[in-house]
Amino acid sequence: MASVNELAYTKIMLHCAAYPHLAVDGLLVGTSEGATIAVVDAVPLFHNGTLAPSVEAASLAVETYAKSAYGGRVVGYYAANEHLRDESIAPAAAAVADEISSRGGSAVVLQVSNKRLADPGDHGLSAYGRGADAWNAPLDLACAPSSKFVAALDAGVAVVDFDAHYDDVTKDWRNGHVRTWLEAH
């Protein structure tokens, strides 16, 4: 079982909306107890492709952030493919999820379904745990409603991913302004 709160969901969807023509991915911050994973934040990683050294550097920063901000850890990985009909789990997801899982505790892969996002009543996420030989075991998913994501998008709220942060280190990948906007609305 996995749950995704409003902050994490909003950041994931804002990341997808910022680069609708590209594949995007990120790390999930939260806690895990047994097979239950609670995602409380999402950190957008890339929109220019995922490279192992970049993921490793970002993951160290995000792990430190997870501990200090939430007393949690990196509990998963999310991805959205660039093609509308591509529902497959991103190739990098398995490697990143294996690394997360090796640090102890359960992990989750959230796959964004671009096609399902056309339905306003569908949050568009599928959750997967580790199966016998791949990250393809479906998990039950409880997800926050999407109404504030749409309002945030309409208000011009945007996220900074690590690609943008690497280009300009003054851009904050933690995206605290998203939490501030959600709390005000």
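This is a predicted model, so every value here is computed, not measured.
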Requested in this report: Would you mind reporting whether Tyr19 and Phe46 have side-chain heavy atoms less than 4.5 Å apart?
Outcome: no

Query raised in the report: Should Tyr77 and Trp135 be marked as a side chain to side chain contact (heavy atoms under 4.5 Å, CB included) after you check the CA-CA gap, both sets of side-chain angles, and the distance that decides it?
Result: CA-CA 11 Å; Tyr77 175 82; Trp135 287 86; over 6 Å; no

Query raised in the report: Does the Lys148 side chain pair with the main chain of Leu182, one donor and one acceptor, at a distance under 3.5 Å?
Result: yes

Query raised in the report: Say you draw a straight line from CG of Leu139 to OG of Ser126; how long is it, rounded to the nearest 0.5 Å?
Result: 10.5 Å

Report task. Report yes if the distance between the aromatic ring centroids of His185 and Trp181 is under 6.0 Å, otherwise no. Result -> yes

Report task. For Asn81 and Asp86, indicate whether the former's side chain and the latter's backbone hold a donor-acceptor pair under 3.5 Å. Result -> yes

Query raised in the report: Do the side chains of Arg103 and Glu63 get nearer than 4.5 Å, heavy atoms only?
Result: yes

Query raised in the report: Counting distance only, does the side-chain N/O of Thr36 pair as donor-acceptor with the main-chain N or O of Ser32 below 3.5 Å?
Result: no

Query - Salt-bridge contact Arg174-Asp41 (side-chain N to carboxylate O under 4.0 Å) - result: no

Requested in this report: State plainly whether one hydrophobic cluster holds both Val160 and Val55, where clusters connect Ile, Leu, Val, Met, Phe, Trp and Tyr through side-chain heavy atoms under 4.5 angstrom apart.
Outcome: no

Query raised in the report: Looking at NE2 of His21 and NE2 of His83, how far apart are the two atoms once the value is rounded to the nearest 0.5 Å?
Result: 12.0 Å

**Report entry** Name of the residue among Asp161, Thr10, Asn175, Asp25 meeting side-chain hydrogen bond (donor to acceptor under 3.5 Å, both in side chains) with His15
**Finding:** Asp161

Requested in this report: Determine yes or no for a side-chain-to-main-chain donor-acceptor pair under 3.5 angstrom, with Ser101 supplying the side chain and Asp98 the backbone.
Outcome: no

Query raised in the report: Any chance CG of Asp167 has more than 12 other-residue heavy atoms, nucleotides or ligands included, within less than 6.0 Å?
Result: yes

**Report entry** Side chains of Ser59 and Val74 in contact at under 4.5 Å (non-hydrogen atoms)
**Finding:** no

Report task. Report the C-alpha distance between Ile37 and Thr31 in whole Å, list the side-chain angles of each, state the deciding distance to 0.1 Å, and finish with yes or no for side chain to side chain contact (heavy atoms under 4.5 Å, CB included). Result -> CA-CA 6 Å; Ile37 299 168; Thr31 59; over 6 Å; no

Report task. Measure from the side-chain N and O atoms of Gln111 to the backbone N and O of Leu125, and report whether any donor-acceptor pair falls under 3.5 Å. Result -> no

Report task. Please check if the side chain of Arg73 supplies one atom and the backbone of Gly104 the other of a donor-acceptor pair under 3.5 Å. Result -> yes

Report summary line: So CG of Asn5 and NZ of Lys11: to nearest 0.5 Å the spacing works out to 9.5 Å

Report task. Establish, from distance only, whether the side-chain atoms of Ser113 and Glu87 form a donor-acceptor pair under 3.5 Å. Result -> yes

Report task. Examine Val62 and Leu60 and state if one hydrophobic cluster contains both, with Ile, Leu, Val, Met, Phe, Trp and Tyr joined whenever side-chain heavy atoms are less than 4.5 Å apart. Result -> no

**Report entry** Min side-chain heavy-atom separation Leu28-Val4 under 4.5 Å
**Finding:** no

Query raised in the report: Tell me, do Val40 and Leu7 make a side-chain contact under 4.5 Å, heavy atoms counted?
Result: no

Query raised in the report: Is the gap between the ring centers of Phe162 and Trp173 under 6.0 Å?
Result: yes

Query - Evaluation steps, side chain to side chain contact (heavy atoms under 4.5 Å, CB included), between Tyr9 and Tyr78 - result: CA-CA 10 Å; Tyr9 182 80; Tyr78 75 84; over 6 Å; no

Query raised in the report: Is a side-chain donor or acceptor of Asp168 paired with a backbone partner of Thr170 at a separation under 3.5 angstrom?
Result: yes

Query raised in the report: Are Cys16 and His47 side-chain neighbours, meaning at least one heavy-atom pair lies under 4.5 Å?
Result: no

Query - Backbone of Thr64 reached by a side-chain donor or acceptor of Ser68 within 3.5 Å - result: yes

